[in-house]
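First listed ligand is number 1; within each ligand, the first listed atom is number 1.
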Amino acid sequence: MTTSTNTGAALPTTCDVLIVGAGFGGLYMLHKLRQLGFDAHVIEAAAGVGGTWYWNRYPGARCDIESIQYSYSFDDELQQEWNWSERYAAQPEILAYAEHVADRFGLRSGITFSTRVTATTYDAARNLWMIDTDRGAQVNARFCIAAVGCLSTPQVPSWPGVENFAGEIYHPGAWPHEGVDLRGKRVAVIGTGSSGIQIISAIADEVEHLTVFQRTPTFAFPAHNRPLSPEDLAAAKARYSEIREAARRAPQGRAFATEGRPLLGDTPDQRDEVLRRYWAMGGLDFTKAYDDISSVLEADAVAADFVRDRISEVVQDPAKREVLLPRGHPISAKRPCLEINYFASFNRPNVEIVDVRANPIVEVTATGIRTTAATHDVDVIIVATGYDAMTGTLLRLGVVGRDGVALTEAWAAGPRTYLGVLVDGFPNFFIVAGPGSPSVFSNVILAIEQHVDWISDLLTFARSAEADLVEADPAAAQEWTAHVTDIGERTFLSLGNSWYRGANIPGKPQVVMPYVGGTHVYRDKCDAVAAAGYPGVSIS
Ligand code: FAD
């Protein structure tokens, strides 16, 4: 047993349920299981709670689902007492919220920090998970719950020569806690997804020179972020239960505005009026303005033209504009981003854009980055190239199930789950907000809550039946996974090289990983399975 002040609670040698990760998933899982009388414990690699919001301390980091919705709904007092300061909270505020939740519900006493799980092995003879850590200690638990996050393993491409770079290199997901002084420096940002866009906007005016390396131009909508007034907060809180219910019944776990009709049924003037109105509102609702923008190519083409027109109005330099205009895939083939002065940043003379699709990066040298067209000398490289999404962290947990089969083997062709929660061949092992569930294709906090509640109900059901073994049936897992893939491949996600389908990782199986059939549909399916006594799950 190991105890020290900076590692939080002592690591137990045994517990009923061992949870890995103290982000929003692990925190609520711990709270819920404790309420139900389970002996649960959390192991967390970081020195604090918050997960994503603990690690991603980069300049400009903020959520892109409105804070009123991107927050826990499980406790009305919590949502009534917490005051978000902005429409889209920045990272320090979201981290403060996670810390508040941990303190308010007394969760820290059940979390061991600064400890990484290095192996998770099922012992069939004892029906126990043996969880090994990088501090040498082992925990034996009947149940193991992976709340390790979908965007928690930074992905850094292996450019030749990167080890020779004499300057500093940072990934947004491992940003130094003390911050990075970029003033007066020549900085490269590689990648223009959500994090890249946020960083570029935040640092453009303080660096001496900013070179942005872009592979795929981004469909980004204005966030129109603003402070939330006391009146805004009071109005939202007065109808919080209504907002949450709408979010639970929505396809992506958040309440949204929509005209509720197809774009293709409107005249060009009507379309223009509607799209301008949603553009002016800001936020992700732009793609929801009409029913068919994310599902019919002709409708997407109209909306995409509209976006390009707006970007063209902002970016003055024709050469930069040409590189920045998003083309080649439907808007919803990738995760749309929100921007705050992103496109306007390129009107600054110190901000340059390099098209690495036309001129790929050849190598990193001691002084900078060489593409097939030019060499760019820089002091700092920010590698905003994303994450080994959805499966990356799970596969690094060292999970070994029945008959010594590793999760890496079981998932060699892509993740296979039942309802995204259970994995056949891995008894008593559960995943929170992972592949095969809505997860990152929705408001993740509400997706987490639904999973935590469902897993808790299942464990309670098993306990009442005096059962200690819960395992997905292989046929059920196969059928569910085929269904997830089938739905995914019929959406626009199949038309873009996104991280949703593993396209950013060389050699990763290319399958749409989240369940994209709608969080409300998914929720109903899970509820029906529970109500029917868990068909597809062996409980003994
Ligand atoms: P995480 O927050 O990733 O927490 C997982 C934890 O597990 C981490 O703390 C990690 O250290 C720990 N861990 C992993 N492996 C181990 C191990 N082997 N041993 C011990 N500990 C381990 N989602 C939205 O819905 N809306 C948004 O606006 C939004 N914005 C985002 C912005 C950024 C920059 C990023 C990266 C993600 C964003 N997300 C957003 C997704 C976000 O990840 C989820 O919303 C949510 O925070 C995930 O919570 P989690 O608990 O599932 O995982």
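Interface atoms of ligand 1 facing Leu151, defined by a heavy-atom separation under 4.0 Å, are 37 (C). For ligand 1, the atoms closer than 4.0 angstrom to any heavy atom of Gly25 are 50 (P), 51 (O). Counting atoms of ligand 1 from 1 in the listed order, those under 4.0 Å from a heavy atom of Ser442 are 25 (O). Remark: ligand 1 atoms within the under-4.0 Å shell around heavy atoms of Leu397 are 18 (N). Close approach to Trp53 involves these atoms of ligand 1, each under 4.0 Å from a residue heavy atom: 30 (N), 31 (C), 32 (C), 47 (O). Numbered from 1 in the order shown, with element, the atoms of ligand 1 that lie under 4.0 Å from a heavy atom of Asn443 read 25 (O). Applying the 4.0 Å criterion to heavy atoms of Ser152 picks out, from ligand 1, the atoms 3 (O).
Just one residue in the list Glu449, Gln79, Glu245 forms a side-chain hydrogen bond (donor to acceptor under 3.5 Å, both in side chains) with Ser73, and that residue is Glu449. With Thr153 as reference, Thr393 is the one residue of Thr393, Asp388, Thr391 to meet the side-chain hydrogen bond (donor to acceptor under 3.5 Å, both in side chains) rule. A side-chain contact (heavy atoms from CB on, under 4.5 Å) with Arg254 is found for one member of Asp285, Leu446, Thr519 and no other, namely Asp285.
Separation of the Tyr418 and Trp480 ring centroids does not fall under the 6.0 Å cut-off. Taking the ring centroids of Tyr72 and Phe24, they lie under the 6.0 Å cut-off. Side-chain rings of Phe426 and Tyr122 stay apart, their centers remaining 6.0 Å or farther from each other.
Below 3.5 Å of separation, one finds an N or O of Phe24 facing an N or O of ligand 1. Not a single N or O atom of Thr393, backbone or side chain, sits closer than 3.5 Å to an N or O atom of ligand 1. At a 3.5 angstrom cut-off on N or O pairs, Thr52 counts as close to ligand 1.
Nearest protein neighbour of atom 25 (O) of ligand 1, counting heavy atoms only, is Val444 N, 2.8 Å. For atom 28 (O) of ligand 1, the nearest protein heavy atom (residue, atom name, distance) is Asp64 N, 2.6 Å. The closest protein non-hydrogen atom to atom 20 (C) of ligand 1 is Ala45 N, 3.3 Å. Summary of contacts: the protein heavy atom closest to atom 8 (C) of ligand 1 is Glu44 OE1, 3.5 Å. For atom 47 (O) of ligand 1, the closest non-hydrogen atom on the protein side is Tyr70 OH, 3.2 Å.
Atom CZ of Arg248 sits in a crowded spot, with more than 12 heavy atoms from other residues, nucleotides or ligands closer than 6.0 Å.
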